Peer 1: 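I'd like to ask some things about the structure below.
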Amino acid sequence: MSLPNGPYNPQETENEILNFWLENKLYKPEYNPSEDRIMSTEEMKADVREAWALICPPPNAYARPHIGNISGYAYQDAMARYARMQGKKVLVLPGKDHAGLEGEGVFVREVLEKQGRNKFDIKRKDFYAEMMDFFMKNIDIARNDEKTIGLSADFDRDTFTLDPAIVETVLDTFVEMYNDGKIYKGVRIVNWDPKARTAVADNQVEFKESQTPFFYFKYSFPEPETKAIELRREYEGKGVLWKVQESDEKTYYLMGETHKGIKILGVGYDKVPAGNEVNGEVIGIQMRLDGDFRLVVKGIDFEGDIQSEVNKVTLELFSKIAGSHIILFANNHDEKLYTNGFVIGTVRPETIFADTAIACDPKDARYKQYVGKKIDVEFLGEKKTLHFIEDYAVDKDFGTGLLKVTPAHAVEDWEIAQRHTECLPAIQVIGYDLRLNKLTGKYNGMGIKEARRAMQEDMLANGNLVYVDENYQNKIKIAERTKAAIEPLLSSQWYLKYDGIREAAIEMVKSNQVTIHPDNMVKKFDHWMENLRDWAISRSLWWGYRLPVWYAGKVFEEIDDNGHVKEFIEINGKKEELDYKNSNHLRVQKQNPGKGWIQDENVLDTWFSSGQWVYATLTKYNLMDKFFPTSVLVSAHDILENWDSRMMMFTYFKHKQIPFKDLFLTGLVLGTDGQKMSKSKGNLIDMDKVRTEFGTDSVRMTYFYQNSAGASYSVTPDKLKNFKQFNNKIWNAAKFVLMNAENATDYTYSQPKLEGLKLENSKTIFNHIINTKAAVTKNINNFEFGYATDTLYQEFWHTFCDLYIESSKQYLNTIKDKESGEVISEPSLDDKQETLNVLIYSLKEFIKMLHPFIPFITEKIWRELPKVEGDHKTVMYSRW
RNA sequence: GGGCAGUUAGCUCAGCUGGUAGAGCGCUCCGUUUACACCGGAGUGGUCAUAGGUUCGAAUCCUAUACUGCCCACCA
């Protein structure tokens with residue numbers, strides 16, 4: 001019953017305590033606290049204690065976790081320790097994630113490339129084996145960090161996502177979902193990296209500022225505009241008198257009316273013409289889709305190339321007028337060019353051949369008359385029919401407010417086409433070699449830039465080119481690794497439909513079967529769920545679960561005569577279009593169907609497996625019957641959408657159940673600079689250094705203290721120092737109590753009761769303890785760890801230590817006058833006994849309440865404290 | 001651009017259902033040296049982002065604006 005002198009030494013204590021917990025297997029649900037032995041799993045299941053389970057989110061096991069990654073474990077652990085102290089049998093199941101895309105990326109960059117090797121020089125099987133080695137090493141490191149932070153997880157059951165038993169479950173789900181019609185194969189748009197000749201994921205794409213010509217081109221109506229022809233005959237070359245009607249500060253836009261009431265436009269004057277009247281020569285006409293038109297008058301300042309001058313200023317001025325464009329009389333006398341049409345801006349004229357629709361903003365009144373119709377247009381002398389649709393992705397204030405919809409060659413357009421299926425099938429006019437195909441006629445075989453130049457001339461000659469903005473700035477997508485410009489193209493992919501499971505997950509939250517903390521995150525969740533689209537689950541990687549899909553022969557993609565991308569299969573030298581419903585072509589099953597069958601090259605998206613984590617792990621250990629659904633899931637709020645929501649959906653699909661009752665979302669840990677802590681930002685805090693300097697319990701306290709669910713917070717030396725001092729305070733208070741108990745002769749501890757207390761002092765602190773316990777219990781039950789630790793800090797330090805311990809001294813020691821040495825007070829034996837009882841009782845209560853948060857120091861002190869019935873040798877299993 | 005948060009003492013943050021502003025660090029002064037100097041006591045310090053509104057009363061509820069952060073989508 002005593003503690004060593006001097007300040008609290010966390011390093012010494014933590015190692016010793018950690019070994020004690022681990023060696024005695026106290027973290028396992030099989031530990032039987034009343035008999036102090038490890039039960040068999042069957043006995044454990046039969047045990048009447050209430051089951052409580054938490055499955056740890058598996059961290060990406062390609063690098064050591066940092067102090068921010070670790071924060072989640074502190075929360076998971078606090079909940080688990082609290083549950084144990086409630087007398088529950090607790091399963092905390094740790095795991096590690098293979099992190100498919102990122103994992104492979106890190107391995108290729110950090111290992112292979114540094115050795116001067118290339119992924120494609122290695123056989124898939126060997127690559128996989130090497131990566132597995134790399135991961136296994138990192139897993140050991142990560143597991144060790146979990147242990148040292150005090151995570152009381154059943155490490156014997158630590159599970160890797162590529163564990164054979166997990167793979168089994170994940171692939172079974174794939175097969176079941178396929179048979180259920182939830183998984184299907186379809187063509188979709190991908191980011192094609194022409195250099196690597198592979199599709200790359202969105203987060204492997206970066207953007208680069210680029211100056212690209214912006215073409216305003218016209219889809220002409222087939223019939224010439226008779227009005228334009230008439231106007232030309234009437235006005236070309238004539239002078240008209242007009243006056244200023246509107247202006248801004250720099251340029252005066254002059255408008256007027258002719259004697260016949262026809263509006264005239266004059267543009268670009270630097271100064272107001274004298275008398276507001278100008279005689280100008282009519283050089284063209286501005287046509288508008290709504291039937292309105294204006295005459296274009298040669299301005300007094302126009303010199304040189306009239307067309308480019310007029311076009312430039314006119315486009316600036318009239319870019320916001322629906323479809324308006326300028327026909328210049330001086331340019332060409334061919335009357336067939338006097339046709340109206342839709343003026344559309346694009347940086348990619350070469351994809352015009354793949355357009356399937358024209359779209360406008362639903363808020364745009366200008367084009368309403370065309371919406372929903374099929375429109376005949378002419379481009380480069382060829383007639384084509386396009387759908388005219390409206391979609392919220394179109395911005396009426398950008399360009400002319402019209403968008404050409406090219407589902408095969410733009411991600412945004414592809415998504416529009418999903419909402420407007422009349423835009424499908426998509427037409428692909430660019431091949432995987434980035435050359436235009438035969439659907440583009442004379443441009444067949446040209447590269448993209450070459451085709452653009454050729455088209456520019458042809459468009460001008462055919463009246464399809466309105467204006468080219470050579471200085472247009474845009475962002476182009478480039479591949480992160482090869483730095484090649486990404487070409488969006490169609491490729492065959494596996495999809496997952498969320499039908500049914502999406503609604504089930506929304507309902508789980510709505511009906512409070514799953515409670516999200518903090519509740520404001522429900523909005524985030526709902527917003528995500530309501531906007532879900534089919535999920536592309538295949539990835540062209542090697543690291544992960546290879547799809548359980550088998551083909552009866554070689555499968556390849558081709559673009560047919562209509563520009564439609566189709567998949568073909570070659571069986572015994574015979575080429576057929578792939579029918580994924582035909583079991584002679586394709587089978588979805590785990591086992592190889594037989595000789596000659598070829599497995600799909602792709603692997604599953606990582607979320608497809610992590611989304612099944614709860615039941616995949618419990619199934620592996622045959623624990624579904626006792627620990628499912630689990631009690632709580634702790635995750636950082638930035639993966640609410642990607643992970644937590646999918647877990648609900650998968651679990652519903654597989655077990656028609658919720659995966660967990662409570663979902664606790666932690667905030668992100670910020671560095672001392674206030675930015676999200678991450679390796680790339682260089683604001684990491686060294687875990688080992690901090691633990692050595694301040695102690696693990698101090699680190700854990702900074703995670704909890706005055707922090708609320710979902711809120712970001714920083715780890716700073718100030719806070720760490722503060723909690724180091726707090727731990728020391730606890731240490732010294734315990735030393736004081738134990739020392740006095742030790743020194744009292746004939747004293748044995750008996751647990752005090754409120755009604756038996758005589759001293760006012762004792763009653764006051766006793767009531768404090770009761771109130772504190774009620775408050776802290778309520779806080780923890782409400783997942784309010786910030787309040788719980790705040791309360792404990794204040795009550796322990798400023799009530800128990802500063803007030804009670806100080807005032808208790810008069811009942812423990814003889815108090816003498818400092819100068820004379822005269823005895824001032826002498827405590828009675830009864831008072832001393834009562835005071836010691838209350839001191840020990842209070843300390844024990846605080847130690848128990850603090851244990852979920854700062855387990856090491858509390859365990860160390862607990863060992864020295866006298867026990868009564870209900871107390872266990874370890875504070876972990878002592879009743880709350 | 002869409003969504004979600006945040007903006008309170010010099011710094012890091014609490015303030016849970018509206019009722020005269022709190023903690024830690026820092027700073028100032030005093031004290032204590034048989035639990036603890038990694039201590040105790042006292043104090044300094046805030047027009048609670050800005051502007052409106054609701055209310056007897058608002059840091060707290062509503063609206064708008066500004067700035068910061070996070071997630072998603074990225075512009076034809």
Side-chain angles (χ1 to χ4, degrees), chain A residues 3 5-8 202-203 205 207 212 214-216 344-348 351 355 358-359 392-395 397-406 409-413 415-416 472 474-475 477 518 520-528 530-531 636-642 665 667-668 670 672 674-676 694-695 698 701-702 705-708 710-740 743 775 778-779 782 784 786-787 789-791 793-794 797-798 801-803 805-806 808-809 812-813 818 839:
Chain A
L3 295 165
N5 278 328
Y8 174 60
D202 284 344
N203 60 359
V205 169
F207 293 89
T212 317
F214 192 80
F215 297 80
Y216 287 92
I344 305 175
T346 182
V347 291
R348 306 209 50 193
T351 65
D355 288 354
I358 298 173
Y392 64 83
V394 184
D395 177 1
D397 297 323
F398 185 87
T400 61
L402 287 175
L403 171 70
K404 65 195 253 331
V405 181
T406 321
H409 295 297
V411 175
E412 177 90 320
D413 296 11
E415 284 171 2
I416 290 172
Y472 183 71
N474 74 338
K475 283 180 195 162
K477 280 182 175 180
N520 62 33
M521 294 284 175
V522 172
K523 281 190 232 163
K524 235 176 116 176
F525 174 83
D526 286 343
H527 183 260
W528 171 265
E530 280 153 20
N531 289 296
H637 71 71
D638 58 352
I639 53 170
L640 167 67
E641 293 99 331
N642 273 326
L665 299 167
L668 303 167
L670 311 175
T672 42
Q675 303 265 311
K676 176 180 171 179
F694 301 101
S698 306
M701 254 328 247
T702 59
Y705 185 75
Q706 287 199 341
N707 186 17
S708 48
S712 301
Y713 57 101
S714 57
V715 173
T716 60
D718 272 1
K719 291 184 189 177
L720 289 163
K721 184 183 159 199
N722 182 215
F723 295 120
K724 184 185 176 185
Q725 290 171 185
F726 178 57
N727 288 330
N728 198 49
K729 189 75 183 174
I730 297 170
W731 182 255
N732 281 302
K735 259 184 356 196
F736 173 82
V737 172
L738 289 167
M739 185 188 78
N740 278 289
N743 292 345
K778 187 179 152 222
N779 288 336
N782 292 337
E784 295 165 337
Y787 297 142
T789 46
D790 194 2
T791 304
Y793 183 97
Q794 296 304 325
W797 198 319
H798 300 301
C801 293
D802 292 347
L803 299 178
I805 288 187
E806 286 312 315
S808 75
K809 287 177 181 172
L812 298 172
N813 303 312
K818 270 176 274 172
L839 273 172

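Both backbone and side-chain heavy atoms feed into the values below; hydrogens, waters and symmetry mates do not. Because the structure is a prediction, the values reported are computed rather than measured.
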Peer 1: Is the charged tip of A:Lys809 near the ring of A:Phe736: under 6.0 Å from the six-membered ring centre and within 45° of its axis?
Peer 2: yes
Peer 1: Does B:C39 have a Watson-Crick or wobble partner in any strand here, with both distances under 3.5 angstrom, and which is it?
Peer 2: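 Pair assignment: B:C39 / B:G31.
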Peer 1: Could you work out the separation of B:U28 and B:C70 based on their C1' atoms and round it to a whole Å?
Peer 2: 40 Å
Peer 1: Checking A:Thr702 against A:Phe694 for the side-chain contact (heavy atoms from CB on, under 4.5 Å) test, could you report, in this order, the C-alpha distance in whole Å, the side-chain angles of both residues, the deciding distance, and whether it holds?
Peer 2: CA-CA 11 Å; A:Thr702 59; A:Phe694 301 101; over 6 Å; no
Peer 1: Write down the distance separating the C1' atoms in B:U65 and B:C29, rounded off to the nearest Å.
Peer 2: 45 Å
Peer 1: Output all residues satisfying salt bridge (charged side-chain N to carboxylate O under 4.0 Å, His left out) with A:Glu530, sequence neighbours left out; order by chain, then residue number.
Peer 2: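 Partners of A:Glu530 under the salt bridge (charged side-chain N to carboxylate O under 4.0 Å, His left out) test: none.
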Peer 1: Please name all residues satisfying side-chain hydrogen bond (donor to acceptor under 3.5 Å, both in side chains) with A:Asp802, sequence neighbours left out, ordered by chain then number.
Peer 2: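 Listed in chain order: A:His798.
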Peer 1: Quick one: are A:Phe215 and A:Val347 in side-chain contact, heavy atoms under 4.5 Å?
Peer 2: no
Peer 1: Should B:U55 form a Watson-Crick or G-U wobble pair with both distances under 3.5 Å, which nucleotide is its partner?
Peer 2: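 The answer is none; no pair meets the criterion.
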Peer 1: Taking pairing as Watson-Crick or G-U wobble with both contacts under 3.5 Å, can you name the mate of B:A73, or confirm there isn't one?
Peer 2: none
Peer 1: Taking CG from A:Asp638 and P from B:C70, how many angstroms apart are they, rounded to a whole number?
Peer 2: 11 Å
Peer 1: CD1 of A:Ile639 versus C1' of B:C70: gap in Å, rounded?
Peer 2: 14 Å
Peer 1: Just to verify, what does A:Lys719 make a side-chain hydrogen bond (donor to acceptor under 3.5 Å, both in side chains) with, not counting sequence neighbours?
Peer 2: none
Peer 1: If you check the A:Lys524 side chain, which of B:C4, B:C72, B:A76 turns out closest?
Peer 2: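 Within the option list, the nearest is B:C4.
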Peer 1: Considering only the C1' atoms, how many Å lie between B:G3 and B:C74, rounded to the nearest integer?
Peer 2: 15 Å
Peer 1: Taking only N/O atoms, report every protein-nucleotides 34-36 of chain B pair under 3.5 Å with atom names and distance.
Peer 2:
from: B:A35; atom 1: O2'; to: A:Asn732; atom 2: OD1; distance (Å): 3.0
from: B:A35; atom 1: N7; to: A:Lys809; atom 2: NZ; distance (Å): 3.4
from: B:A35; atom 1: N6; to: A:Glu806; atom 2: OE2; distance (Å): 2.9
from: B:A35; atom 1: N3; to: A:Asn732; atom 2: O; distance (Å): 3.2
from: B:A35; atom 1: N3; to: A:Ala733; atom 2: N; distance (Å): 3.3
from: B:C36; atom 1: O4'; to: A:Asn732; atom 2: OD1; distance (Å): 3.2
from: B:C36; atom 1: O4'; to: A:Asn732; atom 2: ND2; distance (Å): 3.4
from: B:C36; atom 1: O2'; to: A:Asn732; atom 2: ND2; distance (Å): 3.3
from: B:C36; atom 1: O2; to: A:Lys729; atom 2: NZ; distance (Å): 2.7
from: B:C36; atom 1: N3; to: A:Lys729; atom 2: NZ; distance (Å): 3.0
from: B:C36; atom 1: N4; to: A:Glu806; atom 2: OE2; distance (Å): 3.3

Peer 1: Applying side chain to side chain contact (heavy atoms under 4.5 Å, CB included), name anything that partners A:Asn520, two or more places apart in sequence or on another chain.
Peer 2: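 A:Pro518.
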Peer 1: For A:Thr789, give me all partners under side-chain hydrogen bond (donor to acceptor under 3.5 Å, both in side chains), at least two apart in sequence or on another chain.
Peer 2: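 By the side-chain hydrogen bond (donor to acceptor under 3.5 Å, both in side chains) rule, A:Thr789 matches no residue at all.
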Peer 1: Encode nucleotides 23-28 of chain B as B, S and - characters from 5' to 3', where the letter depends on protein heavy atoms closer than 4.0 Å: B to the base, S only to sugar-phosphate, - to neither.
Peer 2: BSSS--
Peer 1: Quick check: on RNA chain B, is the nucleotide nearest A:Phe726 upstream (toward 5') of the one nearest A:Leu403, or the reverse? Name the residue that is more 5'.
Peer 2: A:Phe726
Peer 1: My understanding is that a pair needs two contacts under 3.5 Å, Watson-Crick or G-U wobble. By that rule, which nucleotide pairs with B:G46?
Peer 2: none
Peer 1: CD of A:Glu415 versus P of B:A76: gap in Å, rounded?
Peer 2: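 Going from CD in A:Glu415 over to P in B:A76 covers 15 Å.
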Peer 1: Looking at residues at least two apart in the chain, or sitting in another chain, which of them share a side chain to side chain contact (heavy atoms under 4.5 Å, CB included) with A:Ala410?
Peer 2: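 So A:Ala410 forms a side chain to side chain contact (heavy atoms under 4.5 Å, CB included) with A:Asp413.
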Peer 1: Given atom NZ of A:Lys724 and atom P of B:C39, what is their separation to the nearest angstrom?
Peer 2: 11 Å
Peer 1: Quantified in whole Å, what is the C1' atom distance between nucleotide B:A14 and nucleotide B:G22?
Peer 2: 7 Å
Peer 1: Tell me: CD of A:Glu412 to P of B:A73, nearest whole Å?
Peer 2: 12 Å
Peer 1: Distance between the C1' atoms of B:G18 and B:A59, in whole angstroms?
Peer 2: 10 Å
Peer 1: In whole angstroms, how far is the C1' atom of B:A73 from the NE2 atom of A:His527?
Peer 2: 10 Å
Peer 1: Please measure how far the P atom in B:A9 lies from the corresponding atom in B:C62, and state the result in whole Å.
Peer 2: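 Straight-line distance between the two P atoms is 22 Å.
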Peer 1: CD of A:Glu641 versus P of B:A5: gap in Å, rounded?
Peer 2: 12 Å
Peer 1: Does A:Lys523 have a side-chain nitrogen or oxygen under 4.0 Å from the phosphate oxygens OP1 or OP2 of B:A5?
Peer 2: yes
Peer 1: Nearest-Å distance, CD1 (A:Ile344) to C1' (B:C75)?
Peer 2: 15 Å
Peer 1: Walk me through it: do A:Lys721 and A:Ser698 pass the test side chain to side chain donor-acceptor pair (under 3.5 Å)?
Peer 2: CA-CA 8 Å; A:Lys721 184 183 159 199; A:Ser698 306; over 6 Å; no
Peer 1: I'd like the C1' distance from B:G26 over to B:U68, given in whole Å.
Peer 2: 25 Å
Peer 1: Mind checking the C1' distance from B:A66 to B:G52? Whole angstroms is fine.
Peer 2: 15 Å
Peer 1: Which one is paired to B:U68, where only Watson-Crick or G-U wobble pairs with both distances under 3.5 angstrom count?
Peer 2: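 B:U68 is paired with B:A5.
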Peer 1: Determine the contact category for A:Asn520: base if any of its heavy atoms lies under 4.0 Å from a base atom, sugar-phosphate if only primed atoms, P, OP1 or OP2 are that close, otherwise nothing.
Peer 2: sugar-phosphate
Peer 1: Which nucleotide, in any strand shown, forms a Watson-Crick or G-U wobble pair with B:G22, with both distances under 3.5 Å?
Peer 2: B:C13
Peer 1: Tell me, please, which residues at least two apart from A:Tyr793 pass ring pair (Phe, Tyr, Trp, His ring centres under 6.0 Å).
Peer 2: A:Tyr705, A:Phe726, A:Trp797
